[in-house]
A.B. asks: 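First, the structure itself, so that you have it in front of you.
All values below come from the heavy atoms of this structure, side chains included, with hydrogens, waters and symmetry mates left out.
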Amino acid sequence: MDERYNPHEIEPRWQRRWEEEKLFRVEADPGRPKYYLLEMFPYPSGNIHMGHVRNYTIGDVVARYKRMQGFNVLHPMGWDAFGMPAENAAIANRTHPARWTYANIDTMRAQLKRLGFSYDWEREIATCRPEYYRWEQWLFLRMLEKGLAFRREAYVNWCESCQTVLANEQVEAGQCWRCGRAVRQKKLWQWFFRITHYAEDLLEYCDRLPGWPEKVLTMQKNWIGKSLGAEIRFPLENGGGEIPVFTTRHDTVCGATFLCLAPEHPQVLELSRGTPQEAAVREFVERISLQDRSAKALERYEKEGVFTGAWCRNPVNGRRMPIYTANFALMDYGTGAVMSVPAHDQRDFEFARKYGLPVVIVVQPEDRPLSAEGLEEAYTGDGVLVNSGPFDGLPNRRAMEAIADFLAREGRGGRAVSFRLRDWGISRQRYWGAPIPVIHCPRCGIVPVPEAELPVVLPEDADLLEGGRSPLPELDAFRRVPCPACGAEDARRETDTMDTFVESSWYFERFCSPDCTTAMFDRAAVDYWMPVDQYIGGVEHAILHLLYSRFYTRVLRDEGLVAYKEPFTRLLTQGMVCHETYHCPEHGHLFPAEAPLEGASRRCAHCGREVTIGRVEKMSKSKKNVVDPGALVERYGADTTRLFCLFAAPPEKDLEWSEQGVEGGFRFLNRLWRLAADWLPHLQGVSPYDGGLEGLEEPLRGLVRKTHETIRKVTRDIEERFHFNTAISAVMELVNTWSAIEPGKDSSPACRAVVRLALETVVRLLAPIVPHITEEIWSALGQEQSLLLCRWPSYREDAIERETALVVLQVNGKLRSRMEVPAGLSEEELRARALADETVQKFIAGKPVRKVVVVGQKLVNVVA
RNA sequence: GCGAGAGUGGCGGAACUGGUAGACGCACUGGACUUAGGAUCCAGCUCUGGCGACAGAAUGGGAGUUCAAAUCUCCCCUCUCGCACCA
């Protein structure tokens, strides 16, 4: 072994060997227990960033660890390759999205390989390839047949700069999740997946996913947003018809004094027609629909509305109620109409006060009686019904039941459930996506592309148009097709493409049989590998990707294609990678390298001015607080990079990047290397010590014990909670203990055997974390087989037992002394020894001992 | 506003079911080796008082339960994340 630790020489060498010997390749093997470890596949944006490195390092450690535990581990990698950045880049660089994407994939694959991740590269997939998306199109047709895919005209979230529609899940605080531009409402014909069909099931199963973080499940539950309530239909005063309303407070129905319809509600314009209000309503509706979402969010407390000119009757007490249209009523939720009870709902209250509408109290709290005139805010608590005719005197909770029954009897409504979850809009007016396989025929309507004609290949010779518009609608070669049903020449192919979240909703199944040409996947392979045992990725996908995948899996199941309902048994959401931000008064945000440390402060490398050190924030290009993994690997190697990612914080927490911390990791590996090199000449041909503690003297005895204790600790830390940081520190402790023994000083066979055991253990425990340096030391020890094929070490109980115990002595709960006693003393014995202790005596100072608490072999507390 | 989570040395972070607070690492200080070292090795390192043994205080703040609280309960403060007119 070389004297110097040189990662740049050893790392590529081992990577080559792993690849040549195909050590990462796996096959389904029903005779062996499987473990499917998956990390969220990346969008091929051009370069691997620190977030990827962290995510994939965590995954790689688990994959390698499980492999050493004897599992048949599936650990694949691929590319979420469709999407808008490719189009933007294509325009900016005058290239084609496909060329840009494939070039990025090549770069990023090389970067991943350089980090030594144990992927089975023969299973690599890119979702933009027709062999992949043809099966997505195939399933789309099945969904179409079943009504799970459908088309309707709807108000959709429209992003002007992306020139496309966004799903509700893709709108964050009124802004586009991708570019940040304010989203506005636009009415368009769109394709949807009926995810609401599974709302109840998706919600229910949230409680059957014990391996998922509580936080993610809570987010999903809130997103699905089930509420129990009632539907109440309000008959219109003039002529027929009624307006259905969803409410969770049907107990307050007698306090409803007016109705509010969403401005987009189909009946709004109809109701106002011919009334003096017609013009005012039209103007209001127009104004509100032009408002974008963020403007609406900002004006959240500015309630406004207009009387439509129409009236309805309260179906319970017959009260005559004006119908308004109001900006706070959402077409998206419930029925798009609200019964307004100003006394018991804050929004309705504000609205009523603004427009001078009546307030009627129907729920009286027991402690303080309310009056309609004196009311300063809505009362939303419980109480007893008043002003409610036959329901007066009922506690409001019970009144809910009674009123629901009443409504059902009268044919005016009844119990109802409402979900917040909307159907998933999957149409994108984009080019770089999977084509939706249907044809519009003027005679036959929507005609599915015949299965034999799949895939509908995205034409790769198209050039993008100015503003990023999709070329597909103008590409006759693509768009003009004869109708498959009637042969009409003037049929037109659908030019919308699918949301890229569709591709990522089933890629984990495709990994099981990536080359399958006859179906989405090979059933036997999926039966063996799926579901994913451990999924790892960022929390940012807590709703979008994870909910869509759960939905898609249900579709596959109902199609009889898979046997399970949930795709991911365990989920780990890793924290973000953060870094300090640097800001120069003249040059703005600076990269870490542009703000070198000078003593305690930092100066701008361009102008020498002092740099303000900002808060620690998520690494982002715009703030320039990024560290390039490539540069890091070049400087320290892959092992150091991996080590620091794992050591700096437990995986679920945010990681604060620190140059000095990386340096520390590098130092540890150097130290391990040197120690190994120093000992190696003494360990040739020596077998590792395999006994218990008998017959060993200190310090060897201590080292053997520490070795076995470390195996136990590291195994638990990885197995139970993926706490690699504490696992690594345990190994560091073992190395510290070992390094106290000087090489060559004690040449006894026992010493050599014990040290060999310690070294081999360190190497095996660190193998999943820093695979290259450990392989190198392992082979220098004379081992011919790769560490990858080596089993995870196990510990001996009889090497961990201690013959003495350290017992802590407290007086009145305060630590006063300690004593070393032979292991296995009785409580009586411990109590006696504790009371006899000099320091304890001093602190009880003659006071009577009231109580003595003995805790195991660890602690005695004397209460005096 | 609603929901979830988190506050521990100069810093990142340890502390299993309440039982030695600060493992491990970084930074810092002193020393050794050295032409030199930002290399390596040894020692120290929560705060206050004391030469010292030692004593006192301390896990965001305040109360409480307990022989014993970073850990459990209640109130308050701060921060992060998610949802955001959801009827």
Side-chain angles (χ1 to χ4, degrees), chain A residues 172-174 213-223 225-227 229 245-250 252 256 260 262 296-297 299-303 326-330 332-341 344-348 350-351 418-421 539-540 542-543 575-576 615-616 643-644 647-650 652-665 667-668 670-671 674 713 716-717 720-721 723 725-733 735-736 739 806-818 839 850-856 858-864:
Chain A
E172 293 167 353
E214 201 53 50
K215 178 190 162 91
V216 174
L217 294 173
T218 307
M219 283 166 70
Q220 294 216 347
K221 284 183 202 166
N222 291 342
W223 189 264
K226 179 181 181 177
S227 13
V245 149
F246 174 77
T247 179
T248 53
R249 290 299 305 272
H250 40 291
T252 65
C260 284
K296 276 191 185 172
E299 292 162 28
R300 189 179 156 196
Y301 293 109
E302 260 318 304
K303 314 262 175 291
N327 64 343
F328 67 83
L330 306 171
D332 256 12
Y333 187 74
T335 62
V338 189
M339 74 171 198
S340 291
V341 187
H344 305 293
D345 181 284
Q346 188 57 27
R347 278 173 323 217
D348 298 344
E350 287 169 31
F351 193 84
S418 182
F419 290 93
R420 206 188 80 114
L421 182 70
V539 237
E540 63 272 24
I543 296 171
M576 297 178 298
R615 348 188 293 155
V616 174
L643 183 69
F644 180 71
F647 184 61
E652 69 278 5
K653 285 186 55 169
D654 285 352
L655 181 152
E656 189 184 330
W657 195 265
S658 142
E659 300 308 322
Q660 289 162 333
V662 179
E663 201 76 49
R667 223 154 35 210
F668 170 69
N670 271 290
R671 185 152 174 256
R674 258 194 330 272
K713 165 114 179 104
R716 281 189 186 164
D717 284 349
E720 285 163 24
R721 29 178 223 168
H723 275 205
N725 57 331
T726 51
I728 292 166
S729 57
V731 178
M732 285 173 167
E733 282 186 57
V735 171
N736 289 345
S739 70
L806 181 68
V807 177
V808 170
L809 303 180
Q810 294 184 336
V811 176
N812 294 330
K814 276 194 177 173
L815 174 73
R816 292 302 179 189
S817 179
R818 305 159 211 267
T839 320
R850 286 192 291 137
K851 193 173 177 181
V852 178
V853 184
V854 181
V855 183
K858 289 196 305 201
L859 179 143
V860 180
N861 187 12
V862 180
V863 187

A.B. asks: Return whichever of R816(A) or K215(A) has its heavy-atom-nearest nucleotide of RNA chain B closer to the 5' end.
C.D. replies: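 On the 5' side of the pair lies R816(A).
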
A.B. asks: Taking atom P in both U78(B) and G30(B), compute the distance separating them and give it to the nearest angstrom.
C.D. replies: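 Those two atoms are separated by 41 Å.
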
A.B. asks: Check F246(A) against G334(A) and note the closest heavy-atom contact, atom names and distance.
C.D. replies: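 Heavy atoms of F246(A) and G334(A) come nearest at CB-CA, 4.2 Å.
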
A.B. asks: Base contacts versus sugar-phosphate-only contacts with protein, heavy atoms under 4.0 Å: please encode nucleotides 13-28 of chain B as B, S and - from 5' to 3'.
C.D. replies: SSSB--BB--BBSSS-

A.B. asks: Looking only at atom C1', what distance separates G64(B) and C51(B), rounded to whole Å?
C.D. replies: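 One C1' to the other, the span is 43 Å.
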
A.B. asks: Can you tell me how far C1' of A84(B) sits from CZ of R347(A), to the nearest Å?
C.D. replies: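 Spelled out: CZ on R347(A) to C1' on A84(B) is 12 Å.
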
A.B. asks: When the C1' atoms of C79(B) and U8(B) are considered, how many whole Å apart are they?
C.D. replies: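 Rounded to whole Å, the distance is 15 Å.
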
A.B. asks: Considering only atom C1', compute the distance from A27(B) to G10(B) and round it to an integer number of Å.
C.D. replies: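 That atom pair is separated by 7 Å.
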
A.B. asks: For A542(A) and V216(A), which heavy atoms make the closest approach, and how far apart are they?
C.D. replies: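 Taking A542(A) first and V216(A) second, the nearest heavy atoms are O-CG1, 3.8 Å.
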
A.B. asks: Using a cut-off of strictly less than 4.0 Å, decide whether R420(A) has a side-chain nitrogen or oxygen near OP1 or OP2 of A84(B).
C.D. replies: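 Answer yes for this pair, as a side-chain N or O of R420(A) is under 4.0 Å from OP1 or OP2.
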
A.B. asks: Given the P atoms of G62(B) and C77(B), what is the spacing between them in whole Å?
C.D. replies: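 Pairwise P distance, G62(B) against C77(B), rounds to 15 Å.
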
A.B. asks: Could you measure between the two P atoms, the one in U80(B) and the one in C74(B), and give it in whole Å?
C.D. replies: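 My reading of the P atoms in U80(B) and C74(B) gives 24 Å.
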
A.B. asks: Drop me the distance from K226(A)'s NZ to K221(A)'s NZ, to the nearest 0.5 angstrom.
C.D. replies: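 Spacing of NZ (K226(A)) from NZ (K221(A)) equals 12.0 Å.
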
A.B. asks: Could you please spell out the steps behind the side-chain contact (heavy atoms from CB on, under 4.5 Å) verdict for V539(A) and K215(A)?
C.D. replies: CA-CA 9 Å; V539(A) 237; K215(A) 178 190 162 91; 3.8 Å; yes

A.B. asks: Rounding to an integer number of Å, can you tell me how far L421(A) CG sits from A84(B) P?
C.D. replies: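 Nearest whole value for this atom pair: 13 Å.
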
A.B. asks: With side-chain contact (heavy atoms from CB on, under 4.5 Å) as the criterion, how do V862(A) and L809(A) come out once you've worked through the C-alpha distance, each side chain's angles and the decisive distance to 0.1 Å?
C.D. replies: CA-CA 8 Å; V862(A) 180; L809(A) 303 180; over 6 Å; no

A.B. asks: In whole angstrom, give me the gap between the C1' atoms of U20(B) and U46(B).
C.D. replies: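 Rounded to whole Å, the distance is 16 Å.
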
A.B. asks: So which heavy atom on K713(A) is nearest to which on T726(A), and how close?
C.D. replies: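 The pair with the smallest heavy-atom distance is NZ-CB, 4.1 Å.
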
A.B. asks: Once Watson-Crick and G-U wobble pairs under 3.5 Å are found, how is RNA chain B written in dot-bracket notation, 5' to 3', with | for any base paired to another strand?
C.D. replies: (((((((..(((......[....))).(((((.......))))).((((....))))..(((((..]....))))))))))))....

A.B. asks: Hey, which of these two, K851(A) or G225(A), hits RNA chain B nearer its 5' end, going by closest nucleotide?
C.D. replies: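 It is K851(A) whose nearest nucleotide is closer to the 5' end.
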
A.B. asks: How far does CZ of R249(A) sit from CG of D348(A), to the nearest 0.5 angstrom?
C.D. replies: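 It is 11.0 Å, given to the nearest 0.5 Å.
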
A.B. asks: When the P atoms of U66(B) and G61(B) are compared, how many Å lie between them, rounded to an integer?
C.D. replies: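 The answer is 23 Å between these two P atoms.
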
A.B. asks: Roughly how many Å is it from CG in D345(A) to C1' in C85(B), rounded to a whole number?
C.D. replies: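 In whole Å, C85(B) C1' and D345(A) CG are 9 Å from each other.
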
A.B. asks: Could you tell me whether the side chain of D654(A) and the main chain of M576(A) form a donor-acceptor pair under 3.5 Å?
C.D. replies: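 Indeed, once roles are kept as given, a pair shorter than 3.5 Å links the two residues.
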
A.B. asks: Starting from P on G82(B), measure out to CD1 on I543(A) and report it in whole angstrom.
C.D. replies: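 From I543(A) CD1 to G82(B) P: 9 Å.
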
A.B. asks: Not counting sequence neighbours, which residues clear ring pair (Phe, Tyr, Trp, His ring centres under 6.0 Å) with F644(A)? List them please.
C.D. replies: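 Counting only residues at least two positions away or on another chain, F644(A) forms a ring pair (Phe, Tyr, Trp, His ring centres under 6.0 Å) with W657(A).
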
A.B. asks: Return the value, rounded to whole Å, for the distance between atom CZ of F644(A) and atom P of G12(B).
C.D. replies: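 In whole Å, G12(B) P and F644(A) CZ are 12 Å from each other.
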
A.B. asks: With side-chain contact (heavy atoms from CB on, under 4.5 Å) as the test, would you mind laying out the steps for V853(A) and Q810(A) before giving the verdict?
C.D. replies: CA-CA 9 Å; V853(A) 184; Q810(A) 294 184 336; over 6 Å; no

A.B. asks: Heavy atoms under 4.0 Å, any strand shown: does S418(A) hit a base, just sugar-phosphate, or nothing?
C.D. replies: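 Counting heavy atoms under 4.0 Å across all strands, no contact is made by S418(A).
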
A.B. asks: Would G50(B) be called syn or anti, given that syn covers angles within 90° of 0?
C.D. replies: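 Base orientation relative to the sugar is anti.
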
A.B. asks: Round to the nearest Å and state the distance from M219(A) atom CE to A4(B) atom P.
C.D. replies: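 Result: 14 Å.
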
A.B. asks: I need the NZ-C1' distance between K303(A) and G1(B), as an integer number of Å.
C.D. replies: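 Interatomic distance, NZ of K303(A) to C1' of G1(B): 11 Å.
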
A.B. asks: Calculate the interatomic distance between N327(A) atom CG and C86(B) atom C1'; express it in whole Å.
C.D. replies: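 Computing the N327(A):CG to C86(B):C1' distance gives 15 Å.
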
A.B. asks: Does the side chain of N812(A) come under 3.5 Å of the side chain of R850(A) through a donor N or O and an acceptor N or O?
C.D. replies: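 Side chains of N812(A) and R850(A): no pair found under 3.5 Å.
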
A.B. asks: So what does A329(A) touch, heavy atoms closer than 4.0 Å: a base, only the sugar-phosphate, or nothing?
C.D. replies: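 Touches a base.
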
